[in-house]
Every structure is written in structure tokens, then in C-alpha cells.
Amino acid sequence: MTSVRYDNATRTYEGTSVPAVDALDLDIGDGELLVLVGPSGSGKSTALRMLAGLEPLDGGSIRIGDRDVSNVRPRDRDIAMVFQNYALYPQLTVADNMGFALKQAGVPKEERRTRVREAARVLDLEPYLDRKPKHLSGGQRQRVAMGRAIVRRPAVYLMDEPLSNLDAKLRVQTRTEVVELQARLGVTTVYVTHDQVEAMTMGHRVAVLKDGVLQQCDTPRKLYHEPLNLFVAGFIGSPAMNLVPVGDERPLRLGGSAIELARPGDAALAEISGAITVGFRPEALQVGEGPLRAKIRTVEDLGSEVFVHLSLEHRGQPLALVSKMMPPFDGEPGDSIGLQIIGATHLFADDGSRVVSTTATLQAASAPAGVASDASPAAP
Amino acid sequence: MSDGPSPRVVGESRSVNGAFGLLAWVVGLAYFFPVFWMVLNSFKSELDANASPKLFFHPTLDRYRDVTKSTTGLLSFGEAFTNSAVVVLVSTLIVLTLAIPAAYALAIRPVAKWRDVLFFFISTKFLPVVASVLPIWILAKNLNLLNTRMALIILYTGINLPLAVWMLRSFFREIPRELIEAAEIDGAGLKGQLTSIILPMAAPGIAATALLCVIFAWNEFFYAVQLNPVQGSTVPIWVTTNISTRGDFLAKLSAASVLACIPVVLAGWIAQKRMIRGLAMGAIK
């Protein structure tokens, strides 16, 4: 049983001064499915390749189980990797592709065949064992790539965007299959994706990277509800969190309305100096009744939910907000509509870190902040 | 072949295409005609060959009998053919043996300063052949290699090696990196990666490279005539022995030339598909 540990692991590509992965500290538990997520250039693939041994370390170390593998060759690390383009050997049949690693390891032919059959059965690949990869569909190739990994029974699976080349529907379906397979096999897995939905749905924990630096590693729920900083808050969630720079005025204002914070929030606010960003998720922004008026830009009706894109004047500039409503919703683009915040609201300090999460309400534009404060049930 | 008029999707109109097609045929035939005439001449008597151009004649294989019969005593057809075959095959084998690891080091695990290395390889081709022939002749003489096959094997290996390294490097670069990485993770060492991934995938490219080496070595004349004028000489030298100072020799020379052409034409024809795939490999993704 195997855990993985990145300890201060750093990789700087030749000819660049900024590390692609900068002092990464990460513990991955035995049997865990950890997802590395981030925009392109965030270092997530590099971090995975460092674990695979395909990128050397410029600093720090990586352990697989009890063993420091920092200077161990990829083939001696007891890992299996699934590549984005699958990297199937084109001249070998499906069976030979899946049995390649066993053959290299000198496993006898009979056992090889048994293990390949076993994996093929799990992945519904039995009818295709004698085909060459070019005669397979994208989804089948993906399964062969998975099969090649599981046949080996390695200590760790590494997956580098293995679903990116599938079409949307197949991707969602395969996503579930990969999660089930991983749970069944119970093998420690590191999974790289740029798709935050994939990350949130698949990962036991999700590590968010930006510019080679780990921003936060937490369960999907914590990432969503307690993002450590502005980047994580904006990256996780679709549509993204509404992030409103409100400057350093007090009280905080959104458009013409004062933002009234509930108990832990106002105390924390008193201790922050400098510009603040207020964040609230689309589902925390309710349209219809409310003290603040905004104009509807577009309405996206997905059937199960409706995204209302809004525009309002904030600090002299147009500000775009998005609200998630339950259908039915009958506003039209161009309509003027009321806004209210009804859920969690996060305050981010000047350096981007989250200071506090609380609940907030918008006050009527005409009401002075002090009066509104008295009316709030959360106020002292 | 023609599907009749079909809706035009891209490209020029039919008449422009037709004109280009016609031009291509004219140019092609103009290039082919001398070869055709040579083949024709080889089946004529000397009298017919030297008479005013004659399309109809009594075909005869006598000229082929003449040239393959060792009469001059100097260099027989059989001898020259054997020499050529040995020199060409051995030198090509050595070239591939040396060029494959070199190309691997330049394409898949680039060594430090690989650009300089690559330039160095090709820079050996800059020197005019004429400028190098005297030092090479002196070297060969001092090493007692004049009039030996060994001299030509060494030379042709040297001549073809840079080209082979360049070609193989570009073929190796076409192999997706992930495949080699996957093999590496799957436990294949250098030997395993080479034999199960790189060589099978680059096979068309290696075949194209080998074929070019064979053709260049088979056709080489200059060094052969300088270093091996008497013994160990190759087919191109033998062709020229059919030129005589007295009497007509056009038909005989044609027959000899045709014999010299057959192996490379045959090799090219057999390897055509692989070669075109190999040569076009870099062109399309």
C-alpha cells in the first residue's frame, strides 16, 4: 500500500528562470484519488511528470511509499501512466499493448495472457484484443490505455488528462467509470486535468495549482465553500464566483447598496485595511426582489437551472454578475431587476487571501449604513 | 479512373488543371525520352544504332552478350557487379549501424550542443569532392588500399553517413514523445525501446534512408575511378570500359548502361511505396 509525498519539489525548465513547479509540498494518501488542477501553464502536468520520473527534480524530493524516488528511473518507480493521447503502440495489438509492460518485466506468457484477459473483461475490451489501435474508436483507445495501466498492478497510477480527447458525453460517462475503477482497485492515483468540473467530481481531494505554486489542496467541498484565496475562489465553480472589488471604503458597497455583514464578518472587516474583494457564488445572488437594480444581459436556461447574467454600475464602471436561479425564470434581456445576496459571502484581502466567510445582505440604496446596521438581526 | 464531372471544391478550373497536366506529361516525356532511346539502342546492332534515328529495327540481345562476355580482360561484368554489390551492401549496413544510434542521440535524447553536432555532420559535405581526392588517394596508397573494395566501402560509408544521420533524425523525431515515455514507464530499457517502439515505427524511414545510400553508392563514379582503376572497381567503371577509341560502341554502351541501371530501378520500384511514405513522413502530421 502506497502513499506519495512531494517534499519541496521544484522543477525549472532550461532557459527559464521561473520554476514550472515551485517548492511543491503534497501528501497523497494510500488509495487516494488526488486531482491536480489548474489552468494551462500552472505546472500540473510537470508535477505529474516529476512523479513519473520524466522530469528531473531541481530541488526537493519525491517519495513513493517509503522510498525516495527522486533519482530513480521511471521504469523502476512501479508506476503506470495514462497519457492524454493514450500513447498506444501503433504496431502492436490491443493485447500486446496491454501486455507490453509485463513482457518487459519477463512475466511468463501464460500469466501475461490471463492478466490481459482479466483487465480486458473489466474494461469491456475482450472483442478487440486482436485489433490494432488505429481500428478502435476514441473511447476504446482510452480504455486500452487504462487497461495497459491496470494490467501492471502498479503502486501508483498517473493520469495526464486522460479524458480530454473524448467527446463531452463520453467524457462524463468515462469519468464515472474511472472513479469506480479506482475505488475498486484502491490504488493511489494522481490525476491531472484542466477541467475543474472533472476535478471536483472525481477527486477525493483536489490540489489547485497556479504558476507552479500550490494554492490549496482540500476536499471538493472545502475548496468550494472555503477557498483559501481569490484564485481558487474564481477557478473552482461554474459559473465562476462573482468577485467584486470594493476598494477600501467602509461600509462596503455594491453599486449603490451597502453590504451588511453578519456577525463574524463585521468584526473581521474592522481589522482589515486596504482594498477588499467581495465574493459570492451565483447561487448566493438572487434576482427578482431586492434593494439593488441591475440589467439582465442574457439568460441561460439549462432546464434544471437558469443562469442570469447581469450588468450594473459599480464604482463608475459596468460590472458583470451572474446569478443561478431555479426555473421557471421569466426575465428577458434588457429588463431591470432587483438583486439580493442570500448566501455565503467571502471577503478577500488585498493580497488575495480569504479573510472571512460570512453571510451578507444588501441594504436599500437610500438607507444610511448605520440605520441598516441596526435593522439587521445579526448586528449587535 | 475518371469519375466524370464532379463538383469543384477547391483548386483551379478544369481547363487550367488540364493544361498543367499536359505540360507535366510533355516535360516528363522529354526527360524520359533519352532513357527510352538508350534502352532502344541497347537492342540494336551497332550499325542501326549509329544510323540516322531509327524506330523500327531487328531487336537483338547480341550487345548484352558482348558486354557481359569478358573479352577485354581488364574488368569483367561479373567482377564489377560483385564488387558493386559487396561495396554497396557492406557500406550501407555500416552506415545504418552507425547512423541509427547517432540519430537517436540527436532526435530522442538530444546531447548537449546537438545543433553543432548536426551542422558538423552536414559540413563534411561542403568540401568539393575534387579537393579531397588527392589526400584520399595518398592515404589509400600508404594504407595499401588502392584497388581494393575496402577503400570504397570506407569512402561510401563516410559519404552516406551524414545524409543518413540527418534523414534518420527527422524520421525519429516524428515518433511521438509520449510513446517513448510510455515504453520507458512500462519498463523498457534502451534496447527494448529501440526494438519494440523506435525501429518498427521508423521502419519506412530507415528503408528510405537505406535505399538512398544504396543508390548513391551504386552510382558513385569519381572516387571509384580514381582509387580503383584496375581492380576492385564497380559497375560505373565497367560501363566506361565499353567505350572504345576505335569502331562503333553506342549500342554496346547502351546495353552496359541499361545493365547498370537495372538494380537501382528495381530496388526503387520495389521500395517505392515505403520510400514515398518515408520521404513524405515529415510532410503530413
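Within every chain, numbering begins at 1; the chains are lettered A, B, ... in the order of the sequence lines, protein sequences first and strands thereafter.
- Nearest heavy-atom pair, M201(B) versus P90(A), reported as atom, atom and distance to 0.1 Å: CE-CG, 3.5 Å.
- I197(B) and Y89(A) make their closest contact through CD1-CD2, 3.2 Å (heavy atoms, listed as atom of the first residue, atom of the second, distance).
- No more than 12 heavy-atom neighbours from other residues, nucleotides or ligands sit within 6.0 angstrom of CZ on R5(A).
- Heavy-atom distances place the side chain of L54(A), and not its backbone, under 4.5 Å from chain B.
- Taking all atoms of both residues into account, the shortest heavy-atom contact from A188(B) to R75(A) is O-NH1, 3.6 Å.
- No side-chain donor-acceptor contact under 3.5 Å links Q104(A) to the backbone of A183(B).
- More than 12 heavy-atom neighbours from other residues, nucleotides or ligands sit within 6.0 angstrom of CG on D167(A).
- Proximity to chain B (any heavy atom under 4.5 Å) is restricted, for L88(A), to the backbone atoms N, CA, C and O.
- Ion pair D186(B)/K103(A) not flagged as a salt bridge, since none of the NZ, NE, NH1 or NH2 atoms sits closer than 4.0 Å to an Asp/Glu carboxylate oxygen.
- Annotation: F221(B), atom CZ; neighbour count of heavy atoms from other residues, nucleotides and ligands within 6.0 Å is above 12.
- In this structure, the separation between CG on N85(A) and CZ on R177(B) is 12.5 Å, given to the nearest 0.5 Å.
- When heavy atoms are compared at a cutoff of 4.5 Å, A105(A) does not approach chain B at all.
- The shortest distance between side-chain heavy atoms of P200(B) and L92(A) does not fall below 4.5 Å.
- Residue R77(A) does not touch chain B at all, counting heavy-atom pairs closer than 4.5 Å.
- In terms of heavy atoms, I185(B) sits closest to P74(A) at CG1-CB, 4.1 Å.
- One finds a salt bridge joining E181(B) and R49(A) here, because a Lys/Arg side-chain nitrogen approaches an Asp/Glu carboxylate oxygen to under 4.0 Å.
- Other residues, nucleotides and ligands contribute more than 12 heavy atoms inside 6.0 Å of the OH atom of Y13(A).
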